[in-house]
Undergrad: 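What follows is a structure written as structure tokens; I'll ask about it next.
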Amino acid sequence: MSDPQPALKPIPITRPWMDEREAEAARRPISKGWVTQGPEVAAFETEFAQAVGARHACAVSNCTTALHLALLAVGVGPGDEVITVSHSFVATASSIRYCGALPVFVDIEPATFNMDPRSIEPAVSPRTKAILVVHQVGMPCDLRQILAIAVRHGLPVIEDAACAAGSQILWNGAWERIGKPHGDIACFSFHPRKLLTTGDGGMLTTANPAYDARFRAQRQHGMSIPDTVRHGANRVIFEEYPELGYNCRLTDIQAAVGREQLKKLPEILVRRRSLAGRYRKLLANIEGLALPVEPDWARTNWQSFCVRLPEACDQGAIMQTLLDQGIATRRGIMNAHRERAYPEGTWRPGGPLTESEAAQDHCIILPLYHDMTETDQDRVAAALQSALSAIQR
Ligand SMILES: *Cc1c(COP(=O)(O)O)cnc(C)c1O
């Protein structure tokens, strides 16, 4: 087959915004010779805490690890249950299983893809130890209602804020950043699929100094004294290992990159809001297509722009049509309970998961990244429109 048209430039689902500033920052620890969990990590923690309005921030190797440490800190262990959503990246539920506990899956609200507060109470059992909420693709979940329920049952709330750096929630009349945190602990990711990246990386934020101290010990093999203290000491210090720990260190090379990324966050947020607003206009008139909903008490960071296709429409076929034109998309967020790694017995349904499954089956995520051009965005919108009209004809 001959193709007379030149191949169109591929449009990826995402692309991190990195340049010489990050490359230069990475040189710093390398030329100084302190390359893991040292002064750059400490500075990144301070700056991140300030950016989200948190009292404490502790850097770790990724968000999955952060979730694991957060659950351990609130006392989740074998035989316990943790209420969460199945409709999330698999790491959310897996972190519960790392503790030997059982994820109890509850449904989402179709408009926001976030935990439906009404689904929580029917799922509570005598074994419930915590609630793990997700700010899905950066959209704040209904923390006000969820925290009220948690308080009623004496349950700690952990926020999976992997995608939510820079997202905001209206709290007592003022906009506050996700990660303050409003629950007990929030966990962030710096994987390249998120707004800020250090390659891999994570952060735990909390207002509780005891939790923070525990994270700091556990991320470094349960050691009683961090390297930074031993290094600066002018007397010999012997460390101790009072409890089982892990190695979840972030490197100083990663932290140096993260500090540059953090400086870009305000600009990234402005850009993504503008691109999301453009998508909204470009896609407004496509029949049967539902656009993402931002409640009036939430400001998402638009980590993803997720649209819902008409019921009768073949999700895979639409995605393939776009891919044939060089446009990458992703299906709606996965459901852990539908995966083979989650056989019966490894989780418990806390109620129906109808909306969770429908969101996975009928939604697609469109390309959105900081330096996406308006021309490319127009191309995505036009391709989606023509793919949908071809199917409906
Ligand atoms: C990306 C993501 C994670 C995992 O983050 P890593 O840093 O890759 O471990 C966990 N939960 C959610 C909701 C995510 O989107």
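Numbering of ligands and ligand atoms starts at 1, following listing order. Along the sequence shown, residues are numbered consecutively beginning with 1.
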Undergrad: One residue to check: Cys163. Relative to ligand 1, which of side chain, backbone, both or neither has a non-hydrogen atom less than 4.0 Å away?
TA: side chain
Undergrad: For the pair Arg28 (side chain) and Ile253 (backbone), establish whether a donor and an acceptor sit closer than 3.5 Å, ignoring hydrogens and angles.
TA: no
Undergrad: List the closest protein heavy-atom neighbour of atom 7 (O) of ligand 1: residue, atom name, distance to the nearest 0.1 Å.
TA: Ser189 OG, 2.7 Å
Undergrad: Looking at Val134, which atoms of ligand 1 are within less than 4.0 Å of one of its heavy atoms?
TA: 13 (C)
Undergrad: Distance to the ring centre below 6.0 angstrom and angle to the axis at most 45 degrees; does that hold for Arg144 and Trp171?
TA: no
Undergrad: Would you mind checking which non-hydrogen protein atom is closest to atom 9 (O) of ligand 1, with the distance to 0.1 Å?
TA: Thr64 OG1, 2.5 Å
Undergrad: Among protein heavy atoms, which sits nearest to atom 1 (C) of ligand 1, and what does the distance come to when rounded to 0.1 Å?
TA: Lys194 NZ, 1.7 Å
Undergrad: Any atoms of ligand 1 less than 4.0 Å from a non-hydrogen atom of Phe89? List them with their elements.
TA: 2 (C), 3 (C), 4 (C), 12 (C), 14 (C)
Undergrad: Does atom CZ of Arg118 have more than 12 heavy-atom neighbours from other groups under 6.0 Å away?
TA: no
Undergrad: Report the residue from Glu22, Glu45, Glu24, Glu47 that forms a salt bridge (charged side-chain N to carboxylate O under 4.0 Å, His left out) with Arg259.
TA: Glu47
Undergrad: Which residue and atom name correspond to the protein heavy atom nearest atom 11 (N) of ligand 1, and how close is it?
TA: Asp160 OD2, 2.8 Å
Undergrad: Of all the heavy atoms in Gly202, does at least one lie under 4.0 Å from an atom in ligand 1?
TA: no
Undergrad: For ligand 1, which atoms, with element, lie under 4.0 Å from some heavy atom of Ala162?
TA: 2 (C), 3 (C), 10 (C), 11 (N), 12 (C), 14 (C), 15 (O)
Undergrad: Can you confirm whether more than 12 heavy atoms, excluding those of Gln50, are under 6.0 Å from its CD atom?
TA: no
Undergrad: Out of all atoms in ligand 1, which are within 4.0 Å of some heavy atom of Asn62? Include the element for each.
TA: 7 (O), 9 (O)
Undergrad: Could you note down all residue pairs passing salt bridge (Lys or Arg N to Asp or Glu O under 4.0 Å) where residues 64-81 supplies at least one of them, sequence neighbours left out?
TA: Glu81-Arg348
Undergrad: Under a 3.5 Å cutoff, is there a donor and acceptor pairing between the side chains of Glu159 and His135?
TA: yes
Undergrad: With heavy-atom distances below 4.0 Å as the criterion, list the atoms of ligand 1 near Ser88.
TA: 13 (C)
Undergrad: Before giving the answer on salt bridge (Lys or Arg N to Asp or Glu O under 4.0 Å), spell out for Asp252 and Lys32 the whole-Å C-alpha distance, their side-chain angles and the decisive distance to 0.1 Å.
TA: CA-CA 11 Å; Asp252 258 31; Lys32 277 189 198 148; over 6 Å; no
